[in-house]
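The figures that follow rest on heavy atoms only: side chains count, while hydrogens, waters and symmetry mates do not. Proteins come first, then strands; the chains are lettered A, B, ... in the order of their sequence lines, and each starts at number 1.
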There are 2 protein chains.
Amino acid sequence: MFSKTCEYAIRAMIFIAQKSKDGNKVGIKEIAKGIDSPEHFIAKILQDLGRRSLLRSLKGPNGGFYLDKEALECSLADIVKVVDGDKLFTGCGLGLKQCSETHPCPIHHEFKSVRKNVQTLLEKAKLGEFTEELEKSLIFLKR
Amino acid sequence: MFSKTCEYAIRAMIFIAQKSKDGNKVGIKEIAKGIDSPEHFIAKILQDLGRRSLLRSLKGPNGGFYLDKEALECSLADIVKVVDGDKLFTGCGLGLKQCSETHPCPIHHEFKSVRKNVQTLLEKAKLGEFTEELEKSLIFLKR
DNA sequence: AAAATAAAAGACTAAAATGTCTTTTATTTG
DNA sequence: CAAATAAAAGACATTTTAGTCTTTTATTTT
């Protein structure tokens, strides 16, 4: 469904949302451990998300990654769009370039609703809303 | 959602279902043109599907690929499983290896229903059922 | 100001997916 | 049986995705 890059990105962003709740910052090593991802790989991904203003970071001692108020309202759909593009939300299931209402692939109509479901679910899910469940260990970001 | 290989496979199988309706066979060149795919690439894919008994073929003059009665009842889900495996139907959306009811990722519950939707839709879709719509140009396998 | 810290950047490697080309094998037709 | 036909098989090439390592830059603390 998502690229590995995107899976890591979503997990990292939720992790950072939790850890940076009270104005704290979290380092790349802790993030990599917290979501069980290759350290340098997730570092590059986060750098990219930073460039696109989905999160903030500071260098130097006591530096790290964090999310501001606004970023906590960022949805998983926003991350998917930035990392994987919107192919999942708008592309044809069978790879036709011009698949549409007037030129549909065999599963166009059925797939439209599936895609819509996915998009809606991802748009509803905001980064900030998982913190509590994470702390209670009701949900997990690794294993 | 699906790999390119899988997209081609589904389109080719639907194409063959149509063309081999009345006991005819269809050659690899016609298939490649009919679904707008690289000829040698789709050839390899179909060889693989043949080995796994999802379709039949005959060499020599007047040879080609075809589906028997049984194969026309094959669902798109069957093809997806053979080509891409069942990761789409059972895997975690965020890439956790042990994501489950008791160890869920943040979107486990919502994703479960989406996956179920996709699976159901693909299981309902049988190769033989698209022939008529294809002939009426109500659906398309390329462009 | 110097040392320590931590992210940013960039070069590089590895693996998987995608695509191409050539040779071989099986079947049919003349 | 010989020639033609068409799939099977396998080697190879390219592109994309995933992952690693080293150097540079910015910030803070002493």
Side-chain angles (χ1 to χ4, degrees), chain A residues 1-13 15-16 19-20 24-67 80 82-85 87-88 94-95, chain B residues 1-13 15-16 19-20 24-67 80 82-85 87-88 94-95:
Chain A
M1 190 84 89
F2 308 129
S3 67
K4 224 86 190 59
T5 299
C6 191
E7 289 175 359
Y8 288 145
I10 293 173
R11 279 151 60 191
M13 289 292 273
F15 184 82
I16 297 166
K19 296 296 181 181
S20 73
N24 293 327
K25 277 152 270 165
V26 54
I28 197 66
K29 275 181 196 139
E30 191 179 345
I31 295 169
K33 273 179 197 159
I35 68 167
D36 194 24
S37 76
E39 185 183 321
H40 289 102
F41 193 40
I42 190 60
K44 294 195 63 166
I45 296 167
L46 292 181
Q47 279 161 32
D48 195 51
L49 293 178
R51 261 180 246 117
R52 292 156 175 278
S53 305
L54 294 193
L55 86 163
R56 300 182 139 283
S57 63
L58 274 179
K59 295 179 179 181
N62 199 33
F65 295 88
Y66 63 100
L67 300 179
V80 172
V82 161
V83 178
D84 282 351
K87 208 192 72 177
L88 178 64
L94 299 187
Chain B
M1 188 84 88
F2 308 129
S3 67
K4 225 85 190 59
T5 299
C6 192
E7 291 175 358
Y8 289 146
I10 293 173
R11 280 152 59 191
M13 289 291 274
F15 184 82
I16 297 167
K19 295 295 181 182
S20 73
N24 293 326
K25 278 151 269 167
V26 55
I28 197 66
K29 275 181 195 137
E30 190 178 345
I31 296 169
K33 273 179 197 158
I35 69 168
D36 195 25
S37 76
E39 185 183 319
H40 290 101
F41 193 41
I42 189 60
K44 296 194 62 166
I45 296 168
L46 292 182
Q47 281 161 31
D48 196 52
L49 293 179
R51 262 182 244 116
R52 292 156 175 277
S53 305
L54 293 194
L55 86 163
R56 301 181 139 283
S57 64
L58 274 179
K59 294 180 180 181
N62 199 32
F65 296 88
Y66 63 100
L67 300 178
V80 171
V82 160
V83 177
D84 282 352
K87 208 192 75 179
L88 178 64
L94 298 186

Would you indicate what B/G50 reaches in the nucleic acid, counting non-hydrogen atoms under 4.0 angstrom: base, sugar-phosphate, or nothing?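 The answer is nothing, as B/G50 stays clear of every strand by at least 4.0 Å.
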Nearest-0.5 Å distance, CE of residue A/M13 to CZ of residue A/F65: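 Here the interatomic distance stands at 10.5 Å.
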Stacked cation flag A/K4 on A/Y8, 6.0 angstrom / 45 deg: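 Output yes; distance and angle both within limits.
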What is the separation between atom [atom1] on [X] and atom [atom2] on [N], rounded to the nearest whole Å?
| X | N | atom1 | atom2 | value |
| --- | --- | --- | --- | --- |
| A/L49 | C/dA7 | CG | C1' | 14 Å |
| A/K33 | C/dA6 | NZ | P | 12 Å |
| B/I45 | C/dT18 | CD1 | P | 9 Å |
| A/R52 | C/dA8 | CZ | P | 15 Å |
| A/D48 | C/dA7 | CG | P | 17 Å |
| B/I28 | C/dG19 | CD1 | C1' | 14 Å |
| A/F65 | C/dT5 | CZ | P | 18 Å |
| A/K4 | D/dT17 | NZ | C1' | 11 Å |

Lys/Arg N to Asp/Glu carboxylate O, A/K44 vs A/D48, below 4.0 Å: no
Reckon [X] has a side-chain N or O less than 4.0 Å from the OP1 or OP2 of [N]?
| X | N | result |
| --- | --- | --- |
| A/Y8 | D/dA18 | no |
| B/S57 | D/dA8 | yes |
| B/T5 | C/dT18 | yes |
| A/R56 | C/dA7 | no |
| B/R51 | D/dA8 | no |

With distance as the sole test, does A/S20 use its side chain to make a donor-acceptor pair with the main-chain N or O of A/L67 at under 3.5 Å? yes
Do the side chain of A/K25 and the main chain of A/N62 share a donor and acceptor less than 3.5 angstrom apart?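 Checking the backbone N and O of A/N62 against the side chain of A/K25, a donor-acceptor pair under 3.5 Å is found.
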Mapping A/F2 and A/N62 onto DNA chain D by nearest heavy atom, which one lands closer to the 5' end? A/F2
Reading nucleotides 20-27 of chain D from the 5' end, what letters show protein touch, with B for base, S for backbone sugar-phosphate only, - for no heavy atom under 4.0 Å? BBB--BBB
With side chains defined as the heavy atoms from C-beta onward, is the minimum distance between A/K19 and A/N24 less than 4.5 Å?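 Answer no - side chains too far apart.
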With the side chain counted from C-beta on, respond yes when A/F2 and A/V83 share a heavy-atom pair under 4.5 Å apart, and no when they do not. no
